[in-house]
Amino acid sequence: MNMKWTMLAMASGALLLNGCGDAASGGGGAVDAQAVAQIAEGLEEGGYELELSGAATSVGEYTGNGKPVLYEPAKEGDNTQGPRLVRVRIGAYHQDDDAQSASPAFITFVLPENVQTGTQALAVSRTAEEGQVTAQLIGDGYGWSFAREVEGTIELAEVGERFTAAWQFDIADGQENTVQVLGRAYGVPFSPKLEGAYTLTRDGGEAESFEGLGSWSRQGGGAEYLLMFGPEPGNSISFRIPADIEPGEHSLRLRRDDGDGVAVSLPDRVESVDGRIRIEQAGEQTHATFDLTGTGEQTLEVTGAFRHLTMSTD
């Protein structure tokens, strides 16, 4: 662990607490360029360092599935307002075990809505006050956790479209065991949640519209993605998209029908569907627009779009 950046980050935090920092928006905001430069030393964009000692010990970089550092909306957050969640993974083992039993562990920070750059005292969720950054440490598939008490700080240098920060804290479980946590992350990009919007009419009547967050999961052993969005589970539109789908225009079909293309399910039962979906890829993100006509007891006309689906063929 390079300690130079830690000292620099803590010094930068002291300046910010005294109102002398060089924050982009005058004493607080999404980016503090000076702190970013100090924390970034020796790291590539998206890089991180994390060290655990005490009642749990880190043993190397995270090698499991998923991203080692994730920056996304928290469970109750959205893509614009927050709160946001940061998860940093590492290999580690508990003091009751040995290094041979090391498994994935992670620290989690929840950043409150409209959080600003600067040094923030950490709290745990059970005692946190409004506006505080919370922390926890979890390991061995939730087999052990440290989230009872915490003492320390996080230096937030960038909290907008990217996350850059340094942290140093002690965190305890309910049995007086404590882990010392030291780390930093630089330029981790924000991963937005799936968003969807559509307009639906029945027999040419008044249009019903939806716009909001959706949900997705990987199905069929990873062969396809199930997307769903709508005002409620029983009144939603869903798509089943092959994991290896190529950008471009594809036909839509009902889920119960065999064939190629993307399967769709609608709020109302229909006998057939005629429509197209247009897939675009922008880096790791997949976006799409679609339009269709469903025919049955009623005729449904649907036009819509979704964005921010993160797909992988791994």
Side-chain angles (χ1 to χ4, degrees), residues 30 70-86 110-115 159-163 189-219 224-243 245 247-255 261-270 273-312:
L70 186 63
Y71 175 41
E72 64 179 6
K75 183 177 181 180
E76 66 275 24
D78 60 34
N79 289 335
T80 57
Q81 299 298 318
R84 293 184 173 183
L85 176 145
V86 178
V110 176
L111 312 180
E113 187 174 343
N114 299 319
V115 68
V159 289
E161 292 305 307
R162 307 193 316 169
F163 173 78
F190 179 64
S191 298
K193 288 182 178 179
L194 175 70
E195 294 178 330
Y198 63 82
T199 299
L200 179 151
T201 60
R202 294 178 173 86
D203 290 337
E206 184 176 352
E208 300 177 11
S209 296
F210 169 82
E211 181 176 357
L213 297 178
S215 63
W216 64 269
S217 60
R218 204 158 178 182
Q219 305 279 310
E224 64 181 10
Y225 287 81
L226 171 62
L227 284 64
M228 182 179 298
F229 42 90
E232 53 192 7
N235 185 24
S236 62
I237 293 177
S238 66
F239 295 94
R240 289 183 177 269
I241 301 177
I245 198 167
E249 188 171 84
H250 302 268
S251 60
L252 291 171
R253 61 176 175 82
L254 290 175
R255 179 183 174 185
V262 175
V264 61
S265 297
L266 299 170
D268 298 351
R269 179 177 176 81
V270 295
V273 67
D274 180 26
R276 311 292 289 179
I277 185 169
R278 291 160 290 278
I279 302 289
E280 299 180 11
Q281 287 183 313
E284 296 183 346
Q285 300 290 311
T286 297
H287 313 304
T289 60
F290 55 88
D291 55 78
L292 63 94
T293 300
T295 305
E297 293 184 3
Q298 301 181 92
T299 298
L300 275 60
E301 300 282 349
V302 184
T303 301
F306 66 78
R307 59 180 183 170
H308 305 314
L309 172 66
T310 302
M311 296 182 69
S312 171

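Computed from heavy atoms alone, side chains included, the values below leave out hydrogens, waters and symmetry copies.
- Residues Leu194 and Trp216 come closest through the heavy atom pair CB-CD1, 4.0 Å.
- Between Tyr71 and Val159, the shortest heavy-atom contact is OH-O, 2.9 Å.
- Under a cut-off of 6.0 angstrom, the local environment of CD in Glu76 is crowded, with over 12 non-hydrogen atoms contributed by other residues, nucleotides or ligands.
- With sequence neighbours left out, the ring pair (Phe, Tyr, Trp, His ring centres under 6.0 Å) criterion links Phe290 to Phe239.
- The side chain to side chain donor-acceptor pair (under 3.5 Å) check on Asp274 picks up nothing, with sequence neighbours excluded.
- For the salt bridge (Lys or Arg N to Asp or Glu O under 4.0 Å) test, residues two or more places apart in sequence or in another chain that qualify with Asp268 are Arg202.
- Pairs of residues two or more places apart, or lying in two chains, that qualify as side-chain hydrogen bond (donor to acceptor under 3.5 Å, both in side chains) and include a residue from residues 229-243 are Glu224-Arg240.
- Two residues are said to be in side-chain contact when any heavy atoms from C-beta on lie closer than 4.5 Å; Ile277 and Leu292 fail this criterion.
- At most 12 heavy atoms of other shown residues, nucleotides or ligands fall within 6.0 angstrom of atom CD in Glu280.
- For the residue pair Arg218 and Ala243, the shortest heavy atom distance occurs at NH2-CB, 4.0 Å.
- Qualifying ring pair (Phe, Tyr, Trp, His ring centres under 6.0 Å) partners for His308, counting only residues two or more places apart in sequence or in other chains: His287.
- For Ala197, the side chain to side chain contact (heavy atoms under 4.5 Å, CB included) partners are Glu211, not counting sequence neighbours.
- A donor-acceptor pair shorter than 3.5 Å can be found between the side chains of Gln285 and Thr310.
- Residues that satisfy the salt bridge (Lys or Arg N to Asp or Glu O under 4.0 Å) test with Glu195, not counting sequence neighbours, are Arg307.
- Applying the side chain to side chain contact (heavy atoms under 4.5 Å, CB included) test to Thr295 and every residue at least two apart in sequence or in another chain returns Ser272, Thr293.
- At least one donor-acceptor pair closer than 3.5 Å links the side chain of Asp78 to the backbone N or O of Thr80.
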Derivation of the side chain to side chain contact (heavy atoms under 4.5 Å, CB included) call for Glu301 and Thr299: CA-CA 7 Å; Glu301 300 282 349; Thr299 298; 4.1 Å; yes
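- The minimum heavy-atom distance between Gly77 and Leu213, with the atom names listed, is O-CD1, 3.7 Å.
- Applying the ring pair (Phe, Tyr, Trp, His ring centres under 6.0 Å) criterion to Phe210, with sequence neighbours excluded, gives Tyr198.
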Stepwise side chain to side chain contact (heavy atoms under 4.5 Å, CB included) test for Ile237 and Phe306: CA-CA 11 Å; Ile237 293 177; Phe306 66 78; over 6 Å; no
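- In this structure Ser217 satisfies the side chain to side chain contact (heavy atoms under 4.5 Å, CB included) test together with Gln219, Leu226, sequence neighbours excluded.
- For the atom pair CG (Leu300) and CG (Leu200), the distance works out to 4.5 Å, reported to the nearest 0.5 Å.
- Residues Ala207 and Thr199 share a closest heavy-atom pair of CB-CG2, 3.6 Å.
- A cation-pi contact, defined as under 6.0 Å to the ring centre and within 45° of the axis, is absent between Arg84 and Phe163.
- Between Leu266 atom CG and Arg255 atom CZ the span is 13.0 Å, to the nearest 0.5 Å.
- The shortest non-hydrogen separation linking Glu72 to Ser191 is CB-O, 3.3 Å.
- Every salt bridge (Lys or Arg N to Asp or Glu O under 4.0 Å) that Arg278 has, sequence neighbours left out, goes to Glu249, Asp291.
- Evaluation of the side chain to side chain contact (heavy atoms under 4.5 Å, CB included) rule for Ser251 yields Arg276 as partners, not counting sequence neighbours.
- Here the options are Ile279, Ile241, Leu227, the test is side chain to side chain contact (heavy atoms under 4.5 Å, CB included), and the partner is Val262; only Ile241 passes.
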